[in-house]
Amino acid sequence: MITGESVHHAAHLASATTDKNLQLALKVLPAIVVILAGSALCGRLAIWLRQPRVLGEMVAGVLLGPTLFGALFPDAQRAVFAPEVKPILYVLSTIGLTLFMFLVGAGLDHGSGKGIKDMRNAGVLALSGILPSLLLGAAAAFVLYGKLSRPGVSTFEFALFLGGALSITAFPMLARILYERNLQNTPIGRMTLLGASVDDAAAWCFLAVLSAMHTGSGAPQALRTIGLTAVFAAVMLLVVKPLLRPLGERVERTGTFGFDHMYLVVGIVLLSGLFTDYIGIYSVFGGFIAGLAMPRNPAFREALHGRMMDIVCVLLLPIFFAFSGLNTELGGITNWTAFAIILAAGFIGKYAGCAAAMRTVGFTWRESWAVGGLMNARGLMILIFINIGLAQGMITPQVFAMLVLVAVITTAGAIPLYRLALPERLEARMLPTPGESGPAGAVVPQGERAPA
């Protein structure tokens, strides 16, 4: 029986809940405003310095954490990024990363190669971008294990994680540089795009397996997670992808990409992320595979980019950078010798390995060093990789801070190294003839945009 007292009690609870939600919103919204302001300012400064905007956004995230904001104004930093705000930022950043990796997967252009030779050369470049960095990073991890690793993480896991993190390439940033310079249809452009896409796809598969090994309760559970991941990828690429093909054809035929289409696409992405989280693999892997399953029609990809990319890169990714920055304490790096070893392993492995591969397949040394510089940039990709490692307890906060600094340094060095190897007068000789262009509809995230 409903009494007046019970109605009054329910109304009181509802009012208290509303007040609590309002108070939380009044804490979250200022934090987001501060994040966006810092990202916009540092992004513009990066462009002024002829660096990609994403580098400024990465630096903004670090500066908003304990490294600068927390060191200079600790009370203000704690007020803006209160403990109850951080879980909200984590959820928003996770959604943003899942959508971003979806757009990266949807934007991979499998048709940019022209013949078996390009594919073979791209495979050589991809292997040269992965193996040297992986091996050198693993060797550094074995040397530094006793000083840097968590007690519960095996030497093998620590070595695989550090090597895998250093083998990452910032494919979206590399693609944006090539497209803005109209080099995407040149031999060097086609090969680099293919090689970088294979490189990053392999890195995410590698992380999926490593996460399964780390989070599984014993070998049977790890094998179950790996098996379910393989089944998920097979279902998405062999079943869902053909079912979505008519959607791409309809968008290309009608020129419209409506709300119904968006509901379907976003639903697939979020369900993919939910499933991979459920089986023990981070949701960004589900988003990436969902992107690979999308129709490859240029009109569909262009419409998808137009609808989703700006909000992901302007709102959600800066939140991720800030959340990463809250976990980054550069002042907590006590072993700078170890950091130098990790940086050298990552830089030499990627830069020298890719350059040697390019020279082996017939490119000039200048072209080879230019590609080595671009492939050495790690951008946003390594931040996603190491955030997963930190969340799953594979690395310590100190190693996390070291790898954030590696990401900033290698990304900052990409364009200067490229320009040093290929000045504009030499770059101009590689430009395609008028009327020749790269694959239409390639989706390249704005968040990794580099200046022309």
Side-chain angles (χ1 to χ4, degrees), residues 43-56 58-59 109 112-114 118 121-122 124-126 128-129 132-133 169-197 199 343-344 346-379 406-439 442 444-452:
R44 290 304 305 172
L45 181 60
I47 292 175
W48 181 71
L49 295 173
R50 299 182 64 81
Q51 288 286 349
R53 178 185 291 273
V54 69
L55 178 64
M58 290 167 58
V59 171
D109 197 337
S112 61
K114 292 188 176 181
D118 274 343
N121 291 346
V124 172
L125 178 61
S128 70
S133 299
T169 291
F171 167 75
M173 189 184 83
L174 184 151
R176 173 58 65 183
I177 293 172
L178 293 174
Y179 273 78
E180 289 189 348
R181 293 176 179 273
N182 200 26
L183 295 173
Q184 73 276 8
N185 204 42
T186 62
I188 187 176
R190 289 195 303 268
M191 180 176 165
T192 305
L193 285 172
L194 279 171
S197 66
D199 191 330
L343 177 63
F347 182 85
I348 294 172
K350 185 75 72 170
Y351 188 53
C354 292
M358 293 289 287
R359 185 72 181 110
T360 300
V361 298
F363 289 88
T364 68
W365 273 117
R366 280 190 173 273
E367 293 170 336
S368 301
W369 291 123
V371 171
L374 293 179
M375 292 283 286
N376 197 52
R378 289 165 177 85
V406 168
V408 172
I409 292 174
T410 57
T411 303
I415 293 179
L417 287 172
Y418 173 84
R419 290 201 186 102
L420 181 64
L422 275 183
E424 291 185 3
R425 59 183 177 81
L426 297 178
E427 184 187 72
R429 299 175 186 175
M430 300 189 303
L431 294 176
T433 57
E436 187 180 9
S437 62
V444 184
Q446 298 280 352
E448 299 274 7
R449 184 168 185 169

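In this chain, residues are counted from 1 in sequence order. Hydrogens, waters and symmetry mates are skipped; everything else that's a heavy atom, side chains included, is used.
The OG atom of Ser128 sits 6.5 Å away from atom CE of Met375, with the distance rounded to the nearest 0.5 Å. The line from CD of Glu367 to OH of Tyr418 is 9.5 Å long, rounded to the nearest 0.5 Å.
The shortest heavy-atom contact between Ala370 and Ala421 is N-CB, 3.6 Å. Taking each heavy atom of Gln51 and Ala412 in turn, the nearest pair found is NE2-O, 2.8 Å. What you find for Pro52 and Ile415 is that their closest heavy atoms are CD-CD1, 3.6 Å. Heavy-atom minimum distance, Ala126 versus Gly195: CB-O, 3.5 Å. Taking all atoms of both residues into account, the shortest heavy-atom contact from Gly353 to Pro132 is CA-CG, 4.2 Å. Counting all heavy atoms, side chain and backbone alike, Trp369 lies closest to Ala352 at CZ3-CA, 4.3 Å.
A 4.5 Å side-chain heavy-atom check between Arg366 and Pro423 finds at least one atom pair inside the cut-off. Side-chain contact between Asn376 and Cys354 is absent, with no heavy-atom pair separated by less than 4.5 Å.
Between Phe347 and Tyr351, the ring planes are tilted. Angles from 30° to 60° get that label.
For the side chain to side chain contact (heavy atoms under 4.5 Å, CB included) test with Leu55, the passing option among Leu45, Leu49, Ile47, Thr411 is Thr411; the others fail. No option in Val408, Thr169, Thr410, Ile409 other than Thr410 meets the side chain to side chain contact (heavy atoms under 4.5 Å, CB included) test with Arg378.
Between the Lys350 side chain and the Gly129 main chain, a donor and an acceptor come within less than 3.5 Å of each other.
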